[in-house]
Amino acid sequence: MGDDIRRNMALFPIGIVMKLTDLTARQIRYYEQHELVIPARTGGNQRLYSFNDVERLLEIKDLIEKGVNIAGIKQVLLPVDKDSEDATVVSEQSEVKRRELTDSQLHKMLKQQLIGGGKRPNSVSLIQGELSRFFRK
DNA sequence: ATTCTGACA
DNA sequence: TGTCAGGA
């Protein structure tokens with residue numbers, strides 16, 4: 001996919017992202033501290049987000065609303081590193097070589113259930129129950 | 001006018 | 001998380 005570069009192309013400042021995601025600058029920056037999103041920076045140290053970053057933030061917002069905490073989100077969303085951010089292709093679909101996660105399949109499922117699907121009243125508690133098995137510190 | 005980091009009445 | 005300070 002060639003327009004992947006466009007999705008990973010840093011374009012908008014935090015102000016725009018705030019409106020696009022309905023998140024406060026505080027939250028957006030906070031999530032960055034926890035490496036949930038790594039926006040590019042301008043010469044003036046201003047954050048520049050790509051479409052992928054925004055989508056990512058929307059997913060995070062979704063999970064937060066579903067009661068998932070940072071620790072949990074870190075495990076549901078694949079870790080992002082400066083490379084896969086604005087460099088090249090690499091998205092959730094690519095066969096990431098992360099053996100660290102013995103159950104990448106489960107992660108995929110959880111992600112789908114948490115993000116994709118609409119909102120079933122019970123699935124939430126169900127999911128949280130399953131996740132707690134991982135989030136447990 | 002905007003955004004950034006650090007800090008906490 | 002909100003919000004203010006103080007600088008870029």
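In the text below, chain A, chain B and the rest are named by the order of the sequence lines, each starting its count at 1.
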Inset, instruction - Please report, rounded to the nearest Å, how far the P atom of dT5(B) is from the CZ atom of Arg29(A). - result: 7 Å
Legend entry - Sub-4.5 Å side-chain heavy-atom contact between Tyr49(A) and Ile14(A): yes
Inset, instruction - Could you tell me whether Arg47(A) and Glu32(A) have a side-chain N and a carboxylate O separated by less than 4.0 Å? - result: yes
Legend entry - Test item: Val54(A) and Phe12(A) side chains (from C-beta on) under 4.5 Å apart, heavy atoms: yes
Inset, instruction - Measure the spacing between CG of Leu36(A) and CD of Gln27(A) and express it to the nearest 0.5 Å. - result: 12.0 Å
Legend entry - Sole residue of Leu57(A), Ile64(A), Ile60(A) in side-chain contact (heavy atoms from CB on, under 4.5 Å) with Leu23(A): Leu57(A)
Inset, instruction - Nearest whole angstrom, please: distance from the C1' of dT3(B) to the CD1 of Ile28(A). - result: 12 Å
Inset, instruction - Could you tell me whether the side chain of Asp62(A) and the main chain of Glu59(A) form a donor-acceptor pair under 3.5 Å? - result: no
Legend entry - Arg47(A) side chain near dC4(B) phosphate (N/O to OP1/OP2, under 4.0 Å): yes
Inset, instruction - Measure the spacing between CD of Gln33(A) and CD1 of Ile70(A) and express it to the nearest 0.5 Å. - result: 10.0 Å
Inset, instruction - Report the stems of DNA chain C as range-with-range entries sorted by first number; a stem here is at least three consecutive pairs, Watson-Crick or G-U wobble, both distances under 3.5 Å, and write none if there are none. - result: B:4-8 with C:2-6
Legend entry - Rounded distance in Å - CD1 (Ile16(A)) to C1' (dT2(B)): 11 Å
Legend entry - Protein-nucleotide distance (Tyr30(A), atom OH; dA7(B), atom C1'), rounded to Å: 15 Å
Inset, instruction - Going 5' to 3' through nucleotides 2-8 of chain C, assign each nucleotide B (protein heavy atom under 4.0 Å from a base atom), S (under 4.0 Å only from sugar-phosphate atoms) or - (no protein heavy atom that close). - result: BB-----
Legend entry - Distance in Å, Phe51(A) CZ paired with Asp3(A) CG, rounded so as to fall on 0.5 Å steps: 10.5 Å
